[in-house]
Number of protein chains: 2
Amino acid sequence: MTSSAVVQVCSALGDENRWQILRMLGERPRSASALAAELPISRQAIAQHVEVLVRAGLVERERHGREVRYVPVGAALSAAVGQLQAAAAGWDRRLEALRRRAEGSAEVSG
Amino acid sequence: MTSSAVVQVCSALGDENRWQILRMLGERPRSASALAAELPISRQAIAQHVEVLVRAGLVERERHGREVRYVPVGAALSAAVGQLQAAAAGWDRRLEALRRRAEGSAEVSG
DNA sequence: GTCACCTGCAATAGATTGATTGCATGACGA
DNA sequence: TCGTCATGCAATCAATCTATTGCAGGTGAC
């Protein structure tokens with residue numbers, strides 16, 4: 001892993017095609033070929049996007065005969081959301097303190 | 001804007017340098033020059049990262065004389081987290097249904 | 001066994017991103 | 001006014017990412 005889990009999940013979620021794929025898999029697990037039949041990009045491009053999602057832990061492979069179906073993993077997203085939430089909460093607290101200080105005195109001694 | 005707000009926030013959060021910057025700004029708002037003095041990358045690189053964060057709505061500019069201080073915006077992160085949470089919840093529900101179906105019968109008729 | 005289909009790997013081209021250097025502009029302080 | 005310091009813009013380079021094509025390997029159907 002080149003980066004922490006949250007960063008990797010965010011990076012994976014930082015692309016609209018991957019959101020689209022994730023949404024489609026959420027409706028119904030599908031193979032890369034099946035996804036390619038409904039999206040304007042090639043199967044290989046989709047395979048690469050899915051690989052990113054797999055590495056981020058957001059989807060899992062499921063073999064069905066010669067077919068590989070991809071299934072989203074809700075828990076991974078929930079976990080990432082939890083950490084983001086914690087970060088947001090921490091910042092909120094600190095930022096509130098900062099804001100109070102800023103309103104009280106714009107510039108104390110340089 | 002080239003993409004939706006959530007995607008943009010995720011994309012901005014998909015880089016460790018930007019997390020680092022965000023954390024440092026959370027501790028204490030600073031200028032790009034001040035950040036550059038504490039990070040191993042150039043001021044310009046930091047300025048570009050901060051620009052990404054500003055475009056994502058995660059930080060705001062604050063002029064103080066000839067200095068430009070950057071302040072994180074907790075609300076933006078909270079909002080994004082909220083949407084991610086909604087997505088996660090939706091998927092969780094659907095995925096639970098899928099899982100139940102999968103466990104009951106591996107492959108029903110196509 | 002053979003055919004068809006789906007997956008997987010490799011190589012490649014184009015676009016985007018991350019980081020750097022150099023210079024110009026603008027504001028504060030002496 | 002002049003010097004200093006911080007910001008801002010432009011150009012450039014390297015690395016990464018996205019998407020494509022082509023082909024080899026495997027699995028299931030007949």
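Given the structure is predicted, the values throughout are model-derived calculations rather than measurements. Numbers restart at 1 for each chain; the letters A, B, ... are given by sequence-line order, proteins then strands.
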Notebook entry, point to check: Atom CD of Glu67(B) to atom C1' of dG26(C): distance rounded to whole Å?
Noted result: 14 Å
Next item on the list: At under 4.0 Å between heavy atoms, which parts of nucleotides 13-30 of chain D does protein reach? Answer with one letter per nucleotide, 5' to 3': B base, S sugar-phosphate only, - none.
Entry: -----BBBBB----BB--
Next item on the list: Take Asn17(B) and Leu39(B), measure what side-chain contact (heavy atoms from CB on, under 4.5 Å) needs, and give me the verdict at the end.
Entry: CA-CA 9 Å; Asn17(B) 280 327; Leu39(B) 288 172; 5.9 Å; no
Check: Which residue pairs pass the salt bridge (Lys or Arg N to Asp or Glu O under 4.0 Å) test when at least one of the two sits in residues 34-45 of chain B, sequence neighbours left out?
Finding: Arg30(B)-Glu38(B)
Item checked: Between P of dA19(C) and CD of Gln20(B), the distance in whole Å -> 12 Å
Check: Would you call Leu58(B) and Leu13(B) a side-chain contact if the rule is heavy atoms closer than 4.5 Å?
Finding: yes
Notebook entry, point to check: For Gln83(A), what residues pass the side-chain contact (heavy atoms from CB on, under 4.5 Å) criterion, not counting sequence neighbours?
Noted result: Val6(A)
Next item on the list: Calculate the interatomic distance between Glu51(B) atom CD and dG18(C) atom P; express it in whole Å.
Entry: 12 Å
Next item on the list: Evaluate side-chain contact (heavy atoms from CB on, under 4.5 Å) for His49(B) paired with Ile41(B), printing each intermediate quantity in order.
Entry: CA-CA 11 Å; His49(B) 280 305; Ile41(B) 55 178; 4.1 Å; yes
Check: Between dT17(C) atom P and Glu16(B) atom CD, what is the distance in whole Å?
Finding: 19 Å
Item checked: Any residue meeting side-chain contact (heavy atoms from CB on, under 4.5 Å) with Glu51(A), in chain and number order, not counting sequence neighbours -> Arg55(A), Arg61(A)
Note to self: What's Ala32(B) touching, base or sugar-phosphate or nothing? Going by heavy atoms closer than 4.0 Å.
What the structure shows: sugar-phosphate
Check: Can you list the residues that meet the side-chain contact (heavy atoms from CB on, under 4.5 Å) rule with Ser31(A), with sequence neighbours excluded?
Finding: Ser33(A), Ala34(A), Glu67(A)
Notebook entry, point to check: To 10°, what angle do the rotation axes through the five end pairs on each side of the helix from dG1(C)-dC30(D) to dA30(C)-dT1(D) form?
Noted result: 30°
Check: How close do Ser42(A) and Ala36(A) get, heavy atom to heavy atom, and via which atoms?
Finding: C-CB, 4.3 Å
